[in-house]
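First comes the structure, then the notes that go with it.
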Amino acid sequence: MSTTATRYPEAAIEADKEVPIIRITRDFRATPAQLMKAHTDPELFVRWNGPETVSSRIVEWDVRDGGSWRYISTHEGQDHEFRGCFHTVGEDKIVQTFTWMGMPDQVSLETMWFEDLGDGATRLHAQSLCDSFADRDAWLSSGMEVGVNEGYKALDRLLEAGEL
C-alpha cells in the first residue's frame with residue numbers, strides 16, 4: 001500500500017535524466033486484478049488502448065512468460081503495426097518488449113506493475129527503457145501523451161460500466 005497522498009487522475013509522464021526511461025504513473029478506481037485483465041485480455045485491450053481516433057485489431061496475443069504479441073492500429077486509413085514479447089507475466093506485473101514497426105530497430109523494454117492503494121484504488125506504474133536518449137525523446141515529442149491519456153480515459157469508462 002502506498003504511503004503517498006499524491007493522486008494521479010491523469011497520467012504523469014516523466015523522462016529520467018540519468019537513463020533513457022519514460023515513466024508513467026496513473027491511478028484508477030479498480031483492483032490490480034482488473035487492471036491486469038485490461039492489459040492481458042486482447043478483446044478488452046483493443047477497446048481502450050490508444051487515441052480515440054484509432055481502431056486496433058489483434059494479430060497475435062500469447063500472454064505467458066515467453067509469449068509474443070502483435071497488433072495493428074489504424075488511423076485515417078493508415079496501419080501502424082506494433083509487436084513484442086512477454087518476458088514475464090505475473091499476478092500484478094508485466095515485463096515485455098515493445099516495437100513500433102515503423103522503426104523496427106528501436107526496441108524498448110517495458111515494465112508495468114499495479115500497486116494496490118486500498119479503498120478500491122490501484123496505481124499503475126509503467127516504465128519504458130529505450131535504446132537511447134534520442135529514441136526516448138522522439139517518443140516524448142511524438143504526441144504519445146494523447147494516446148496514453150485518451151486510452152486511460154477509455155479504460156476508466158470500461159471500469160465504470162462494470163465491463164471488467
Side-chain angles (χ1 to χ4, degrees), residues 1-2 4-14 21-65 67-102 108-128 139-140 142-164:
M1 183 129 98
S2 178
T4 180
T6 304
R7 296 293 182 204
Y8 299 93
E10 289 199 5
I13 301 172
E14 302 171 330
I21 287 180
I22 299 169
R23 290 193 175 88
I24 299 174
T25 307
R26 172 65 150 76
D27 292 347
F28 293 89
R29 297 298 307 162
T31 65
Q34 286 173 303
L35 291 182
M36 189 67 164
K37 183 176 181 180
H39 285 84
T40 58
D41 181 313
E43 292 177 13
L44 290 169
F45 182 80
V46 296
R47 292 178 60 198
W48 67 264
N49 184 58
E52 294 172 0
T53 58
V54 171
S55 63
S56 296
R57 66 187 182 279
I58 299 295
V59 176
E60 178 181 0
W61 202 261
D62 184 12
V63 180
R64 63 178 175 85
D65 292 3
S68 58
W69 59 268
R70 186 165 60 106
Y71 65 90
I72 297 172
S73 294
T74 304
H75 177 66
E76 296 179 349
Q78 187 172 15
D79 287 345
H80 300 275
E81 184 177 343
F82 302 87
R83 71 179 184 92
C85 297
F86 291 107
H87 178 73
T88 304
V89 180
E91 190 173 308
D92 59 359
K93 183 177 183 178
I94 300 169
V95 180
Q96 65 185 17
T97 58
F98 179 93
T99 302
W100 170 51
M101 295 310 293
S108 69
L109 177 63
E110 300 191 334
T111 304
M112 179 180 306
W113 64 100
F114 308 109
E115 176 188 4
D116 188 343
L117 300 176
D119 197 30
T122 298
R123 178 163 296 158
L124 174 149
H125 298 273
Q127 64 182 32
S128 297
W139 276 30
L140 290 169
S142 72
M144 69 172 273
E145 72 280 355
V146 172
V148 169
N149 282 308
E150 287 183 4
Y152 287 159
K153 286 179 185 173
L155 179 52
D156 282 335
R157 289 190 293 274
L158 289 173
L159 290 161
E160 289 168 10
E163 298 186 44
L164 276 163

Least distance between heavy atoms, [X] atom then [Y] atom:
X      : Y      : answer
Ile58  : Pro42  : CG1-CB, 3.8 Å
Trp139 : Glu110 : CH2-OE2, 4.0 Å
Ala30  : Gln34  : CA-OE1, 3.2 Å
Ala11  : Asn149 : N-OD1, 3.1 Å
Ser56  : Val54  : OG-CG1, 4.1 Å
Asp41  : Glu43  : OD1-N, 2.9 Å

Answer yes or no: is there a donor N or O on one side and an acceptor on the other, between the side chain of [X] and the main chain of [Y], under 3.5 Å?
X      : Y      : result
Asn49  : Phe45  : no
Trp48  : Leu158 : no
Thr111 : Gln127 : no
Arg23  : Ile13  : no
Trp61  : Thr40  : yes
Glu150 : Glu52  : yes

Does His75 form a side-chain hydrogen bond (donor to acceptor under 3.5 Å, both in side chains) with Thr53? I'd like the steps, not just the answer.
CA-CA 6 Å; His75 177 66; Thr53 58; 3.3 Å; yes
Atom pair [atom1]/[atom2] of [X] and [Y] - distance to nearest 0.5 Å:
X      : Y      : atom1 : atom2 : result
Leu155 : Glu163 : CG    : CD    : 11.0 Å
Phe114 : Arg123 : CZ    : CZ    : 13.5 Å
Thr99  : Glu81  : OG1   : CD    : 10.0 Å
His125 : Thr25  : NE2   : OG1   : 6.0 Å
Met112 : Asp92  : CE    : CG    : 12.0 Å
Arg70  : Glu60  : CZ    : CD    : 6.5 Å

Check whether the ring centres of Phe28 and Tyr152 lie less than 6.0 Å apart, and answer yes or no.
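So the answer is yes for these two rings.
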Is any side-chain heavy atom of [Y] closer than 4.5 Å to one of [X]?
X      : Y      : result
Leu124 : His39  : yes
Val89  : Met36  : yes
Arg7   : Leu117 : yes
Arg29  : Leu159 : no
Asp156 : Arg26  : yes
Val63  : Ile94  : no

Going by the rule ring pair (Phe, Tyr, Trp, His ring centres under 6.0 Å), which residues pair with His87 if we only count those two or more places apart in sequence or in a different chain?
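His87 satisfies ring pair (Phe, Tyr, Trp, His ring centres under 6.0 Å) with no residue once adjacent residues are dropped.
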May I have the step-by-step check of side chain to side chain contact (heavy atoms under 4.5 Å, CB included) for His80 and Met101, ending in yes or no?
CA-CA 7 Å; His80 300 275; Met101 295 310 293; over 6 Å; no
Matching residue for Phe98 among Phe82, Phe86, Tyr71 - test: ring-ring contact (aromatic ring centres under 6.0 Å, His included)
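Among Phe82, Phe86, Tyr71, the one meeting ring-ring contact (aromatic ring centres under 6.0 Å, His included) with Phe98 is Phe82.
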Side chain to side chain contact (heavy atoms under 4.5 Å, CB included) between Leu44 and Lys37, worked out
CA-CA 8 Å; Leu44 290 169; Lys37 183 176 181 180; 3.8 Å; yes
Carboxylate-amine/guanidinium contact Asp79 Arg57, below 4.0 Å:
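Looking at Asp79 and Arg57, the cut-off is met.
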